[in-house]
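For reference, the structure discussed in these notes is given below.
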Amino acid sequence: MMKEIKDLTPAEAEAELEYLANELAKADSAYYQNDDPYLTDADYDRLKHRNFDIEARFPQLIRSDSPSKRVGAVVKSGFSKVPHTFPMLSLGDVFSMEEVADFVVSVKRFLNTSENIAFMSEPKIDGLSFSARYEKGIFVKGATRGDGTTGEDITENLKTIRQLPLKLPAGVPDILEVRGEVYMAKADFFALNQKYEAEGKKTFANPRNAAAGSLRQLDPKITAERNLSIFAYTWGEVSQRMWESQADFFNHLRDWGFPINPNNTLCHNLEEIERSFAHLMEIRASLPYDIDGVVYKVNSIALQERLGFLTRTPRWAIAHKFPAEQALTTINNIRI
């Protein structure tokens, strides 16, 4: 039997807030990362409301990883600027498998090898890039890509996305910057537009515009209502790199509670790259989110470091864009 909040001592309140933060974070991970919820919606809401009520009684005890942060506080003015310690660079684009083959040859030529090189094939999510900075396992700063060197501070808005861990397990680097993509699932996009249409509001043209518009709200409560999602796929600043390959990094992300795309595929030669691309083209329409291509990255971090960068793009990664989607339609009438 839980104690009445009015009867809690500060020490008891502090201990219970720690328990609630951990329990609700565990429930979020079970629901969003593992698709295996163990709390009913009613039980989850009961714990969340108790957390809010204790914080209202003891505001001095509000934790940095509190579940209440998922709602967010109103930004008092425009977004402040956040310089990226390591630039968030864009990728070069190719549009055919012949160009992909040329890219693989160029990588081998630069490395002066004829051996096969492993590449990670990753669906290119049609969303908005983000960066999430953790210090000693606690989420402290979120930013957009911006111009690649400076982004916008979206810390409070990112906190509203329940897939993003606010506290990481023990053993992570003291400084860890995780980067990925914020997107809106197709079902959430259609539901949002249906709601806005019923209310006489302007609807969004596509899920990417909806995600971008939602993430850049000055009132994070609006962001929280829009059911945004994330996939994590790379890193920025890190105090101690604990992985030697892109595949290994994904394993760490999974262990730390970040959602990673289930269609990421390690390819050991060009034939496997081609099969990966064909598979993603085949399932593209049935995915619950939009993708607009495939990203290929050299899997080995040591080889990535040898390959380095061009002016604005890495030599070790490229984006293979899908052709524009086509469909047949019937013209019923022409009005002059």
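Every heavy atom of this structure was used, including side-chain atoms; hydrogens, water molecules and symmetry mates were not.
Classification of R50 and E16 as a salt-bridged pair holds, one side-chain N sitting under 4.0 Å from a carboxylate O. Under 4.0 Å is where a charged nitrogen must lie from a carboxylate oxygen, and between E199 and K201 at least one such pair does. Ion pairing between R226 and D188 fails under the 4.0 Å rule for side-chain N and carboxylate O. The residues E197 and K195 are annotated as not salt-bridged, no charged nitrogen and carboxylate oxygen being separated by less than 4.0 angstrom. Using a cut-off of 4.0 Å between Lys/Arg side-chain N and Asp/Glu carboxylate O, E177 and R179 are scored as salt-bridged.
Closest approach of L266 to A118, counting heavy atoms only: CD1-CB, 4.2 Å. Residues N263 and P123 approach most closely at CB-CG, 3.7 Å, considering heavy atoms. Closest approach of F309 to P314, counting heavy atoms only: CD2-CA, 3.5 Å. Contact record, R315 with F103: O-CE1, 3.3 Å, taken as the closest heavy-atom pair. Heavy atoms only, all atoms of each residue included: M120 and N299 are closest at CE-OD1, 4.1 Å. For L218 against F79, the heavy-atom pair with the smallest separation is CD2-CE1, 3.8 Å.
Follow the hydrophobic side-chain contacts under 4.5 Å out from F110 and you reach I273 in the same cluster. Under the 4.5 Å side-chain heavy-atom criterion for Ile, Leu, Val, Met, Phe, Trp and Tyr, Y233 and V295 are members of distinct hydrophobic clusters. Hydrophobic clustering (side-chain heavy atoms under 4.5 Å, transitive across Ile, Leu, Val, Met, Phe, Trp, Tyr) groups M184 together with I161. Residue V107 is not grouped with residue V105 when hydrophobic side chains (ILVMFWY) are merged at heavy-atom distances under 4.5 angstrom, including chains of intermediate members.
Separating the OG atom in S66 from the CG atom in L24 is a distance of 9.0 Å, to the nearest 0.5 Å. In this structure, CD on E135 lies 10.0 Å from OG on S239, to the nearest 0.5 angstrom. Distance CZ/R275 to CG/N269: 7.0 Å, rounded to 0.5 Å. Here CD of E14 is found 5.5 Å from CG of L61. Values are rounded to the nearest 0.5 Å.
Relative orientation of the W235 and W243 rings is perpendicular, given thresholds of 30° and 60° on the angle between their planes. Ring geometry for Y134 against F139 counts as tilted: the plane angle lies between 30° and 60°, on a 0 to 90° scale.
Judged purely by atom type and a 3.5 angstrom limit, R306 uses its side chain to pair as donor or acceptor with the backbone of L111. At least one donor-acceptor pair under 3.5 Å links the side chain of R145 to the backbone N or O of M88. With T313 contributing its side chain and L310 its backbone, the two residues share no donor-acceptor pair below 3.5 Å. Between the H84 side chain and the T144 main chain, a donor and an acceptor come within less than 3.5 Å of each other.
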*What do the steps show when you test L39 against L47 for side-chain contact (heavy atoms from CB on, under 4.5 Å), and what is the final call?*
CA-CA 10 Å; L39 289 180; L47 294 179; 3.9 Å; yes
Stepwise, does the side chain to side chain donor-acceptor pair (under 3.5 Å) test hold for T223 with Q217? CA-CA 6 Å; T223 307; Q217 291 290 325; over 6 Å; no
| task | In sequence, state the C-alpha distance, the side-chain angles, and the governing distance for F322 and F95, and then conclude on ring-ring contact (aromatic ring centres under 6.0 Å, His included). | result | CA-CA 7 Å; F322 289 139; F95 299 90; over 10 Å; no
Practice prompt. Determine, stepwise, if the pair L20 / I54 fulfils side-chain contact (heavy atoms from CB on, under 4.5 Å).
Written response: CA-CA 10 Å; L20 290 168; I54 294 174; 4.1 Å; yes
| K167/N22 under side-chain contact (heavy atoms from CB on, under 4.5 Å): CA gap, chis, key distance, verdict | CA-CA 9 Å; K167 183 179 180 182; N22 291 334; 4.0 Å; yes
request  = Check step by step if side-chain contact (heavy atoms from CB on, under 4.5 Å) holds for K141 and D153.
outcome  = CA-CA 7 Å; K141 183 74 70 178; D153 188 335; 3.1 Å; yes
ask   = Stepwise, does the side chain to side chain donor-acceptor pair (under 3.5 Å) test hold for N261 with Y289?
value = CA-CA 11 Å; N261 196 291; Y289 44 82; 3.0 Å; yes
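Aromatic rings of F231 and F258 (six-membered ring for Trp) have centroids beyond the 6.0 Å cut-off, not under it.
Remark: the N157 side chain and the T160 side chain contain no N/O donor-acceptor pair separated by less than 3.5 Å. Defined by atom type and a distance below 3.5 Å, a donor-acceptor pair is missing between the side-chain atoms of E244 and S300.
Exactly one of I318, N264, T234 qualifies for a side chain to side chain contact (heavy atoms under 4.5 Å, CB included) with K297. That residue is T234.
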